[in-house]
Amino acid sequence: MMKRIGVLTSGGDAPGMNACIRSVVRTAKFHGIEVIGIKRGYQGLIEGDLLPLTTDHVANIIQYGGTFLKSARSEAFRTKEGRAKAFEVIQEFGIDGLVCIGGNGTYTGAGIFYDEYKIPSVGVPGTIDNDLYGTDFTIGFDTAVNTALDAIDRIRDTADAHNRLFFIEVMGRDSGFIALQSGIAGGAEGILLPEVMSDFDELLQHFNQSDKRAKAFSIVIVAEGEESGHAIDIAKRFEAANPNHDIRVSVLGHIQRGGKPSANDRILASFLGNAAVEELIKGKANICVGMVNQALFTCSFKEAIDNKKTINFDLWNLSKVLSH
Ligand code: F6P
């Protein structure tokens, strides 16, 4: 029987996390369940940094990026002692279940905590990287792609005005989802992703194809997790091999993590926050919720962690055709 649930955001913040917390609180209240907000993710849980949440706390937050509960990557929660402390706090505050919003690290922590203490937890995918199995899209991804795209469009103006070749680095720790989507939408001439090997030589060849290519402006998107290095290293190698180009590098960085969540992210966050509470009420535990083909999908934390979500290779092939 769920009487009181805790909600936390952990790992990198993502636009839409506030909309998700709002949905958790409103769904819980709808069912007469109390909600405790846990500040700074698992770190706040260990330290007992908790805040009982009313619907007032989540009024007028749906439109904001970041997370009003704040987030952290907790080293202490990786230790047995840290988790033991977190369990004490859970007991002290009478928390019957947890909603953990975050990425891979968040799911890993929730899974281990469940194995050790059997506290029912449901994970909600919140990360701009979109690198989580069990959902077509993660909360924050759509906004991040659009933020990156807006920056790419602006850089394109300068690239065009000066006939420059721009290497633009986008986020994605080990994955190229942001790079692929923003690259296609931004009309990039090259996209370098960690999922696809040895593209650098192909890219060189591509730009050596004709003089026309050497003179026209171009945009190449590099995922930060790209195997051959960061955009700055790749640009240096490119320049050494091909000095005819006027090259610049732009690293978009954390600008992609902030800002107003898109409509899609707010809707996804609302849907998944609601689903997480409903699953806890049904007695489910040790699972995460996602949206696959417009419908709710659930799987265990283990399944979500063990399976790697792949990029859409049809989109990858399309990017090749369009930049030919
Ligand atoms: O996981 C989201 C993400 O923004 C990655 O794309 C990036 O590699 C990482 O977080 C950056 O983390 P931090 O904000 O801790 O530097």
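Source: prediction; values computed, not measured. Start at 1 and go down the list; that is how both ligands and their atoms are numbered. Here, residue 1 is the first one in the sequence, and each next residue gets the next number.
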*Asks:* Is the contact between Q256 and ligand 1 made by the side chain, the backbone, both, or neither, using heavy atoms and a 4.0 Å cut-off?
*Replies:* neither
*Asks:* May I ask you to identify the nearest protein heavy atom to atom 15 (O) of ligand 1, giving residue, atom name and distance to one decimal place in Å?
*Replies:*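 Atom 15 (O) of ligand 1 sits closest to the protein heavy atom R73 NH2, 3.1 Å.
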*Asks:* Using a strict 4.0 Å threshold on nitrogen-to-oxygen distance, state whether K3 and D96 make a salt bridge.
*Replies:*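 No, no charged N to carboxylate O under 4.0 Å.
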*Asks:* Tell me, which protein residue and heavy-atom name are nearest atom 16 (O) of ligand 1, and how many Å apart are they?
*Replies:* H254 NE2, 3.5 Å
*Asks:* I need the nearest protein heavy-atom contact for atom 8 (O) of ligand 1: residue, atom name and distance, please.
*Replies:*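 Ranking protein heavy atoms by distance from atom 8 (O) of ligand 1, first comes E224 OE2, 2.5 Å.
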*Asks:* State which residue, out of F301, Y114, Y133, fulfils the ring pair (Phe, Tyr, Trp, His ring centres under 6.0 Å) condition with Y107.
*Replies:* F301
*Asks:* With side chain to side chain donor-acceptor pair (under 3.5 Å) as the test, pick out the partner of K309 among N130, D136, T135, T138.
*Replies:* N130
*Asks:* Say whether D142 and S262, considering side chains only, have a donor N or O and an acceptor N or O under 3.5 Å apart.
*Replies:* yes
*Asks:* Name the atoms and distances for all side-chain donor-acceptor pairs under 3.5 Å in residues 84-92, with sequence neighbours left out.
*Replies:*
none

*Asks:* With atoms numbered from 1 as shown, which atoms in ligand 1 lie under 4.0 angstrom from a non-hydrogen atom of R173?
*Replies:*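 Per the distance check, 1 (O), 5 (C), 6 (O), 8 (O), 9 (C), 10 (O).
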*Asks:* Identify, for atom 10 (O) of ligand 1, the protein heavy atom at the shortest distance, and state residue, atom and that distance.
*Replies:* R257 NH1, 3.1 Å
*Asks:* Any chain of hydrophobic side-chain contacts (each under 4.5 Å) joining V124 to L268?
*Replies:* yes
*Asks:* Tell me the nearest of D129, N130, I128 to atom 5 (C) of ligand 1, using heavy-atom distances.
*Replies:* D129
*Asks:* For ligand 1, which atoms have a heavy atom of G172 less than 4.0 angstrom away?
*Replies:*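 That gives atoms 6 (O) of ligand 1.
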